[in-house]
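The block underneath contains the structure these notes are about, expressed in structure tokens.
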Amino acid sequence: MAFNFTAFTYIVALIGDAFLIFFAIFHVIAFDELKTDYKNPIDQCNSLNPLVLPEYLLHIFLNLLFLFCGEWYSLCLNIPLIAYHIWRYKNRPLMSGPGLYDPTTVLKTDTLSRNLREGWIKLAVYLISFFYYIYG
């Protein structure tokens, strides 16, 4: 059995997806803490905003590897989330630094529930991807 670029891509994808799962779990926990008033929104946004770009770039990098090795199903599994990430970052609130979460608007009920739902959906996609990379 030869170790080729496809095997390398799936190994890197498993490791990278483990980090993405961590980011999604942290995202869900952070917004649940905001929902239950355990944490200050400014502190929470300061801890979440630096993680947005690394998450998006890691996800795009993993899918570029799938593109280069011709793993079309793995790529198609992640394309909708990549498109959503790009749309979400283009339509983010006006801020001085990178990130998505503005402390002044993050506590609105609709924004809070949308961010929490977004975290759960991203976690589901990353878990499905992880198990597909292992067993697919």
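Residue numbers run from 1 in the order of the sequence given. In what follows, every heavy atom counts, from backbone to side chain, and hydrogens, waters and symmetry copies are set aside.
- Rounding to the nearest 0.5 Å places CG of Leu123 at 12.5 Å from CZ of Phe22.
- Under the 4.5 Å side-chain contact rule for hydrophobic residues, Phe19 and Leu53 share a cluster.
- Within the 4.5 Å cutoff, side-chain heavy atoms of Leu77 are placed close to those of Ser129.
- Put simply, the side chain of Ile121 does not reach to within 4.5 Å of the side chain of Tyr84, judged on heavy atoms.
- Applying the salt bridge (Lys or Arg N to Asp or Glu O under 4.0 Å) rule to pairs touching residues 48-62 yields Glu55-Lys122, sequence neighbours excluded.
- Across every non-hydrogen atom of Leu58 and Gly16, the tightest pair is CD2-O, 3.5 Å.
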- [ ] Under the side chain to side chain contact (heavy atoms under 4.5 Å, CB included) rule, what do Ser47 and Phe26 come out as? Steps first, then yes or no, please.
- [x] CA-CA 10 Å; Ser47 66; Phe26 185 74; 4.2 Å; yes
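- By the side chain to side chain donor-acceptor pair (under 3.5 Å) test, Arg88 pairs with Asn115, Glu118, sequence neighbours left out.
- The two atoms that bring Cys45 and Asp102 nearest to each other are SG-C, 4.0 Å, heavy atoms only.
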- [ ] Step by step, work out the side chain to side chain contact (heavy atoms under 4.5 Å, CB included) result for Phe31 and Leu48.
- [x] CA-CA 10 Å; Phe31 281 105; Leu48 281 172; 3.6 Å; yes
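- Of the possible donor and acceptor atoms, none in the side chain of Asp17 sits under 3.5 Å from a partner among the backbone N and O of Ala13.
- With hydrophobic clusters built from ILVMFWY side chains whose heavy atoms lie under 4.5 angstrom apart, Trp120 shares a cluster with Ile25.
- Remark: Thr36 pairs with no residue by the side chain to side chain donor-acceptor pair (under 3.5 Å) rule, at least two apart or across chains.
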Open item on the list: Run Phe66 and Tyr10 through ring-ring contact (aromatic ring centres under 6.0 Å, His included) and show every step you take.
Closed with: CA-CA 8 Å; Phe66 287 134; Tyr10 276 102; 5.3 Å; yes
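- Linking Ile, Leu, Val, Met, Phe, Trp and Tyr residues whenever their side-chain heavy atoms come within less than 4.5 Å places Ile15 and Ile128 in a single cluster.
- No donor-acceptor pair closer than 3.5 Å links the side chain of Ser74 to the backbone N or O of Glu71.
- No path of Ile, Leu, Val, Met, Phe, Trp and Tyr side chains, each step under 4.5 Å between heavy atoms, connects Ile21 with Leu57, placing them in separate hydrophobic clusters.
- A single hydrophobic cluster is seen to contain both Leu20 and Leu127, as judged by linkage of ILVMFWY side chains at heavy-atom distances under 4.5 Å, directly or through other members.
- Pairing each heavy atom of Leu112 with each of Lys35, the nearest pair is CD2-CA, 3.6 Å.
- Of the N and O atoms on the side chains of Tyr101 and Thr111, not one donor lies less than 3.5 Å from an acceptor on the other residue.
- Taken to the nearest 0.5 Å, the CD1 atom of Ile11 stands 12.0 Å off from the CG atom of Leu65.
- Rounding to the nearest 0.5 Å places CG of Asn63 at 4.0 Å from CG of Asn78.
- Val52 is listed as a side-chain neighbour of Tyr89, based on a closest heavy-atom distance under 4.5 Å.
- Closest heavy-atom contact between Pro80 and Cys76: CD-O, 3.5 Å.
- Distance check, rounded to the nearest 0.5 Å: CG of Leu62 to CG of Leu67 gives 12.5 Å.
- Counting heavy atoms of neighbouring residues, nucleotides and ligands inside a 6.0 Å radius, atom CZ of Phe5 exceeds 12 of them.
- Considering only residues two or more places apart in sequence or on other chains, Tyr132 meets the side chain to side chain donor-acceptor pair (under 3.5 Å) condition with none of them.
- Looking at heavy atoms from C-beta onward, Ile29 lies in side-chain contact with Glu33 at the 4.5 angstrom threshold.
- In terms of the side chain to side chain donor-acceptor pair (under 3.5 Å) criterion, His85 has no residue partners (sequence neighbours excluded).
- For Ile134, the CD1 atom sits in a packed shell: over 12 heavy atoms of surrounding residues, nucleotides or ligands are nearer than 6.0 Å.
- For the salt bridge (Lys or Arg N to Asp or Glu O under 4.0 Å) condition, no pair includes a residue of residues 18-27, sequence neighbours left out.
- Proximity of a side-chain donor or acceptor of Asp32 to a complementary backbone N or O of Val28 within less than 3.5 Å is not detected.
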- [ ] For the pair Phe23 and His27, evaluate ring-ring contact (aromatic ring centres under 6.0 Å, His included) and give the outcome as yes or no after the intermediate values.
- [x] CA-CA 6 Å; Phe23 286 145; His27 186 264; over 10 Å; no
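- By the 6.0 Å contact criterion, CZ on Phe61 is open, its count of non-hydrogen atoms from other residues, nucleotides or ligands being 12 or less.
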